[in-house]
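Shown next, in structure tokens, is the structure this report addresses.
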Amino acid sequence: MAVSACWKLFCVVLGILEAAIYSVTLYGWPAFMYIFIEEGFYYSRCDFDTVTNATYNMTSADCSGLGNCTQDTTGEDHVLKCTEQEEMLNLVYTIAMVGLVALFFLGYVYDHYGTVCLRIISICLCVGGVILMALTEKGTEWLLFPGAVFHLMGGYQLAITDVQVAALFPKLKATLTCLVSGAIDVSGFVPILLKMAYQAGVSYKTCMFTFAGIIFFLSSVNTITLPPRQDDDGNNIDVACSLNIRKRHRSADDSSKPNVVHFAYGNEAYDQNGVNESPTDKQLDGEATPAEAHDKNDHHAVSINTCHQHNKNGEQRKTCIDQSDQMVREVENPDSKDVDDNTNTSLLHGTLLLIRRPTFWLLLLWFICQDTIIVTYQGCFYAIINYYGNNVKSTVSTYTDVYSWFQVVSLFWALPTGLMLDRLIARSTKEDKERCFMLPLSLAISVGIVVSIACIIPVIEMHFVAIFFHSVLKTGSYAVHLAFVASVFPREHFGKAYGIQNTVSSLVNFINLPIFSWYKYSLESDPLGLGVLFLGICFTASSLPFYLLWHRCRSTQ
């Protein structure tokens, strides 16, 4: 008993550790951006004029090849502003976020091919993405685009499979789900470790290749120890996926053989061409005759005197008065119905059941609004600190460090969020689970309002508050969203439901690029307009809690 409990705890810790180390490390983009600028990526796009150089009291020869300049009058190390360089690196970040649209296809693989198949694909994507980023150097900066996309896509999908550890402790499902989601946000802390190693003298390539090795080892071990996925009734979904795959292959093999239909009439057996067969021939092409099936399954038997043959459109069939024609079709092709259900009905019908629910679309709107605030603030953070910190390199480095360290707050906020959800869900019925999320959804919106106000106030120290609540906002949004999908929608369609939501949200994330350009050029890097935009998005997201409140009042009446 103790060994079983220790093993379950080990699996939970390993799953959370995987999500915390490399799932979505691009959330720590400011630290990555600092390293990329130091490496001189896209520095060739910069065009500095004499006015800028005169402002910093230097000549063009004083600028190093890495884009850093020293001001002789104060002795402080400055970062020379290069909007073109920042725009290209922000484009890498935006394309990586938009690349999450592939989660819908990975979700389909998750639902129909099982956990192991999905994790093998995700490991290749995650590790391969880091290797591509490690191979990037001046002149091959384009490798950052596929590298960031593959790494984020694979890591995020690996973290989604870690939600399966919640099945080990049924009474704490929401808590463990939120802890996994909080660990996903903590992975934004890892880039600061890479940045610290880089500043200590370790080369960029060494840092990235070592990181890729850690990912490969830990993800391989977790693939072996991860518990299988279960539905609401405790059935093993991964085993069902394996059986369905075998049926598909067996059906494909059978379809290549001649399709011979057998039926019995009296004491004689005929094939579809009317050729008499001996009753002793019990099997042809691997199929038993209906007479044999009649002896084995009496409850499927049909009276011989009530059946007759007829020829329709060149095909000979057997029609029974007691409406047992369905049984005959199953005898003709016993696997055809299962294959159709698994390929067409399971995908299309299951997806239609999801998208017909108003809650699905309102949850999607809420998630898009929250995700837009999170992604846009991350993408603009480096430029905001540059604006308020007057491009002082030490100030920029300090705030990027604080940003990464504050990602740890996500895990601590995930614990009370999960405990609150477990307590609310335990009191509710199966039909009332949606309204249990009304309070957590509202709290996430309130935290977003605090981040917006902190951006509006023109004091750089206020961004310590913004960074802290931004970390809480990520956990309060992603954890609640993940728990909502896992609790309210059917487990067998979890991959498709979560994939659709993230796909649409990732497509909308492309708006981060025009927002960044608007912020840099029209607003001239002043965060005031950015904060006002965030406030408007928060008020739009409040439509979901109000809908749940209205639905609850209506059901009570």
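- Looking only at distances, a side-chain donor or acceptor of Y93 sits under 3.5 Å from a matching main-chain atom of V375.
- Listed by chain and residue number, nothing satisfies the ring pair (Phe, Tyr, Trp, His ring centres under 6.0 Å) test with Y34 (two or more places apart in sequence, or in another chain).
- Sorted by first then second residue, the salt bridge (Lys or Arg N to Asp or Glu O under 4.0 Å) pairs that include residues 121-134, not counting sequence neighbours, number zero.
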For residues 128-137, which side-chain N or O atoms pair as donor and acceptor with protein atoms under 3.5 Å away, sequence neighbours left out?
from: T136; atom 1: OG1; to: L132; atom 2: O; distance (Å): 3.1
from: T136; atom 1: OG1; to: M133; atom 2: O; distance (Å): 3.3

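- The stretch residues 459-470 participates, sequence neighbours left out, in these side chain to side chain donor-acceptor pair (under 3.5 Å) pairs: Y377-H463.
- S220 meets the side-chain hydrogen bond (donor to acceptor under 3.5 Å, both in side chains) test with no other residue; sequence neighbours excluded.
- To the nearest 0.5 Å, atom OG of residue S23 and atom CD1 of residue I215 are 9.5 Å apart.
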If you apply the rule side chain to side chain contact (heavy atoms under 4.5 Å, CB included), what do you find for L89 with L144, and how did you get there? CA-CA 9 Å; L89 292 176; L144 287 177; 4.3 Å; yes
Check the pair F145, W142 against ring-ring contact (aromatic ring centres under 6.0 Å, His included), reporting the backbone distance first and the verdict last. CA-CA 6 Å; F145 286 95; W142 61 269; 9.2 Å; no
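- Under the 3.5 Å distance criterion, the side-chain polar atoms of D162 are left unmatched by any main-chain donor or acceptor of I16.
- Partners of D422 under the salt bridge (charged side-chain N to carboxylate O under 4.0 Å, His left out) rule, at least two apart in sequence or in another chain, do not exist in this structure.
- For the side-chain contact (heavy atoms from CB on, under 4.5 Å) criterion with E39, the lone passing option out of Y43, F41, F36 is F41.
- Listed by chain and residue number, L528, V532, L535 satisfy the side chain to side chain contact (heavy atoms under 4.5 Å, CB included) test with I456 (two or more places apart in sequence, or in another chain).
- Residues satisfying the ring pair (Phe, Tyr, Trp, His ring centres under 6.0 Å) criterion with W405, sequence neighbours excluded, are F189.
- Remark: side-chain polar atoms of S487 are paired, donor with acceptor, to backbone N or O of A483 under 3.5 angstrom.
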Just distance, no hydrogens or angles: give the donor-acceptor pairs under 3.5 Å from side chains in residues 148-160, sequence neighbours left out.
from: H151; atom 1: NE2; to: T25; atom 2: OG1; distance (Å): 2.6
from: Y156; atom 1: OH; to: Y498; atom 2: OH; distance (Å): 3.0

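- Using modelled atom types and a 3.5 Å distance limit, the side chains of D371 and N502 yield no donor-acceptor pair.
- Residues satisfying the side chain to side chain contact (heavy atoms under 4.5 Å, CB included) test with C538, not counting sequence neighbours, are I373, I445, I449, S452.
- Shown here are the ring pair (Phe, Tyr, Trp, His ring centres under 6.0 Å) partners of W366, two or more places apart in sequence or in another chain: there are none.
- Among residues two or more places apart in sequence or in another chain, the side chain to side chain contact (heavy atoms under 4.5 Å, CB included) test is passed with T161 by Y110, T115, L118, R119, Q164, L226.
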